[in-house]
Structures are given as structure tokens and as C-alpha cells.
Amino acid sequence: MSDFAVNYEKNTWVHRLDPRVKLLFIVVFCTVPLFFTRFSYLVVCAALAAPIWISAKIDPRPIKGLLVAILVFSVVAIIFPTFYNYDYPNKIILFRIGPLAATNVGFISGLMLAFRAAIPAVVALILICTTDPAALAKAMMKMKMPMSVSFMMMGALRMFPLVSEVMGNVRTAQLIRGVKSGGTKNAWHAFKLAVTPLMINSLRKSRTTGLAVESKGFGMHAWKEYYQEYKLHTMDYVMLIFCIAFVVAGIVLRYGFGLGVNPMVLQA
Amino acid sequence: MGEVQAKKANRKFNAVDLITCVVFAALVRVLFLVFKMFGVVFPFNHSVMQMFSAFCFVACVAVVKKPWAGFYYTIGWVAIDFFLQGEHYLYWVYAIIAPTIVELLMKARGKHFENPNDVYHSTKDMILFAWIYNTLYYWFTFWMILKIFLIPCPTVLMIAAYAIGIVMTILGAWLGMKVGKKANKLTN
């Protein structure tokens, strides 16, 4: 489903950024778009993140599954509010499907919601496609995060593709054996059949990984010791300034000047 | 024997336990993506999600059988959400509070057993803990949906989805317990 490792090897300035700065970058882009409900402001937020995504030269093929999931979620985020009965006097009905009426207020709200959901998701992919989870965990420990929590973070990023792969194999085996998965009933049946092999195979992999980590002295906190030094370089400072400026600009625009708010959405 | 087992139950997490928690955390997100909520529309997709959540939570606790397994499991899936879909950082509040409440309740309930470890073998108790865990998860998620993400949802639909979610939780927790016990036999 997703193999992030394919993108780790590139040597762009985004790859070379300190993982701590990238973490801050994600947090900033998960927060600032939520200040605004006006579509144009969200487009600006997306446009600011776009050059960084392009500079990272991320190959989208290994993360196609995640990109499709973001796209599907965004489309759902547009459809649901489009047909939601907003209590707005000047709304225009665009079209009807049976008892459901699609309104202009709903559609604009949907676009806004889709962007608010998609921007953080796409920005987060920059981090996971350009940073080795081990480097991320080390940087987190540098930020005084407990070792077990840092280890969990790293493990989560490492195991997700592994479990996805196991799931993919199980699904392929189901397809070969003619197990149908379309519709609720078939999906439930396929789920029941997939659960045990998925869990057993994933657990076996986890045991092997866990024992390997233990053998390297995880329990004795040896895992905490590493040679890499994490120093901020010029580009890290530039990115830090960009993040701070982005947050300050967002706060000033939204709460200082009251801009970026769609009155139709707020009255909904 | 009971005392020895109780001591074992309280021993520190090792890398195998942590990775096991991570596997279940990854599993819940993979199931979420692969089965796409069985094609169910919002907000009822959250009812189905309750089943996956209960299933993985109970299976994780049943396999690891140590205090705070649920806490680490939650940290794992919130981390996946954060890194893979840029989840809002407020979710970390949930990731700390909800499993802590459930873990404390588990600890308190464990005292009623001769061997505190037996709480992880009680299907009835696990269903109850999964329900508490999912209830906190569901309402926190909907608070986020309504207040942070501004996605509209009628109250009636939310309550209906929650009611269905309770049934799904029971189903998921029961299945999680069954599969967890089976996994213990097959992997140990």
C-alpha cells in the first residue's frame, strides 16, 4: 500500500532539513489552515506548501494509496456539506437529487472543509517521505520525549507499511480463492476471513523485530545512545523563520483584522 | 503462583510488547483504509470504525496482557494518524486521557480478581472497557468534527451512529478477544 523508504534516499534540501524543524512544519500546517473558513485563504496556504512538496521531489507512486485516500476523503468532505440543509436565507439551490438539495452555501463549505482536511494530510507526507523514522525518533528523543514513546512513533511508521503489505497479501489470496468483498455483507465476510492470518502474520513479524531491538539493548536503554548530532543549519533556520512568520501572519489576519472568514459558513 | 503472575503482569514493557502494540495500532488504520467502512456513509462510518477500534484494542490488551498496553496502542494509532494524515495535534489530548482512564479502570477492576492478570482474560470486562474507550473516542472525534473541522452533522444522526456503534463495539470486542486468545496460542 505504501513504501515510504523509496523516497528517503534523495538528497534535496527538504531531505536535509532537521526532523525537528519538519515536525514543527507539520504542526504549523495542521493548525493555521484551521484559522480560516474562506476558500481563497486556504488556497494560499496550499500554495505556500506546494513549493516545498515540489522541492522534495517526492515520487508519488509508492504513496499512491495514501494520496487516493486523501482524495476520497476530500471528495466526501465536499459532497456531505453540499447536501446539508444549511440554515442560510440567501442560499441558492444548485440541483436536487430526490429529497436532497445541493446548495451553493453547502458546496462552498464543502470545498473549504476538503482543503482544511487535505492540506495537513499532504504536508504530513512531506515529513514521512523525506525522513527516516529512526532519525525522527532520535530527533524526538533530543526533544526530551520518552524513549518508549519515540520508539512507538518510529515503530508506527515502520510497521504501517509492513502490516499494509501483509493485508495486501491476504487480499490477493482472497481474490485468488474467489472471496468477494463488494457490498457490506461480502466485506464483513472478507474481513472475518482476513482477520486471523493478518494478525498472526503481523504478530510474527513484530516478534522478530522486537527481539532484534531487544538484542541491541533496548531494555538497558542502550538504544538511547547514538552518534548523530542534531544541529540546525542555515536552511533549518530559514524554515523556522518561515513557520513562525506563517503562524504570526495567520493570527494577525484572522484575529487582528478578522479576515479569512466566510460569513456564510459561520452562520451555518 | 498468583503472586508471581501478578508481578509478571506489572513488569516493564520490552521492545516486543511495544512493537506488538504498534502492530495493532497499524492494524486498526489498515483495516480502516482497506475496508473503507464497508462503504457506509458519514456519520455511520464511525459506527463501523467502533468495531475495528474495539477489535484491535481488545486484541492488543489480550495479547500483551500488561498494564498500559492500551495506552501504548493509542499512542501508536494517533502517531500514524498524525504522520500519515496530518491529524490535528489536539488528538494527542485524547491519546493521553482516554486510554489512561481505561487503564486505571482496568487496574481497579483487576484488584477484584485473585490474580489481577485475569482481567485481561475476562471477555465481559474487556467488552465494558472497549465500550468506555470507544465512547470517549467517538464523542471526542465528533467534538473535533463539529467544533474544530466545522463539518456539520445533525445531533439525531450522531446519536443514531453512536447507538449502532455500541452494537459494533460489542461485536468487535468479542471478536478481538476470540482472535487475541487464538493469536496467543499460535504465536507463543
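As a basis for the values below, the full set of heavy atoms in this structure was taken, side chains included, without hydrogen atoms, waters or symmetry mates. A, B, ... follow the sequence lines: proteins, then strands. Residue 1 opens every chain. What you see is a predicted model; the values in this text were computed from it and never measured.
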Side chain, backbone, both or neither: which part of [X] has an atom under 4.5 Å from a heavy atom of chain A?
| X | value |
| --- | --- |
| Ile145(B) | neither |
| Leu175(B) | side chain |
| Phe55(B) | side chain |

Self-check item: Within residues 135-151 of chain B or reaching into it, pairs that qualify as side chain to side chain donor-acceptor pair (under 3.5 Å) - sequence neighbours excluded
Solution: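 Matches after skipping sequence neighbours: Tyr91(B)-Thr141(B), Trp131(B)-Thr135(B), Thr135(B)-Tyr162(B).
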
Quiz item: Does any pair with a residue in residues 168-180 of chain B pass side chain to side chain donor-acceptor pair (under 3.5 Å), and if so which ones, sequence neighbours excluded?
Solution: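 Listed by first then second residue: Asn134(B)-Thr169(B).
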
Practice problem: Take the angle between the ring planes of Phe25(A) and Phe29(A) and call it parallel below 30°, perpendicular above 60°, tilted in between. | Solution: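 Rings of Phe25(A) and Phe29(A): tilted, 30 to 60°.
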
Quiz item: With under 30° as parallel and over 60° as perpendicular, where do the rings of Tyr73(B) and Tyr133(B) fit, or are they tilted in between?
Solution: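 Geometry flag for Tyr133(B) against Tyr73(B): tilted rings.
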
Quiz prompt | chain B contact via Leu211(A) - which portion, at a heavy-atom distance below 4.5 Å | solution =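 Both the backbone and the side chain of Leu211(A) come within 4.5 Å of chain B.
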
Quiz prompt | Leu136(A) versus chain B, the contacting section by heavy-atom distance below 4.5 Å | solution =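 Leu136(A) touches chain B through side-chain heavy atoms alone.
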
Quiz item: Are the aromatic rings of Phe113(B) and His121(B) close, with centres under 6.0 Å apart?
Solution: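 Centroid separation for Phe113(B) and His121(B): 6.0 Å or greater.
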
Quiz item: Distance from Phe36(A) atom CZ to Asn262(A) atom CG, nearest 0.5 Å?
Solution: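 Those atoms lie 13.0 Å apart.
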
Self-check item: Heavy-atom pair count under 4.5 Å with chain B, highest-scoring of Ala212(A), Ser148(A), Pro81(A), Gly168(A)
Solution: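 Answer, by heavy-atom pair count under 4.5 Å with chain B: Ser148(A).
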
Quiz item: Top residue by heavy-atom pair count (under 4.5 Å) with chain B, among Leu127(A), Thr31(A), Val76(A)?
Solution: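 Counting heavy-atom pairs under 4.5 Å, the top option is Thr31(A).
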
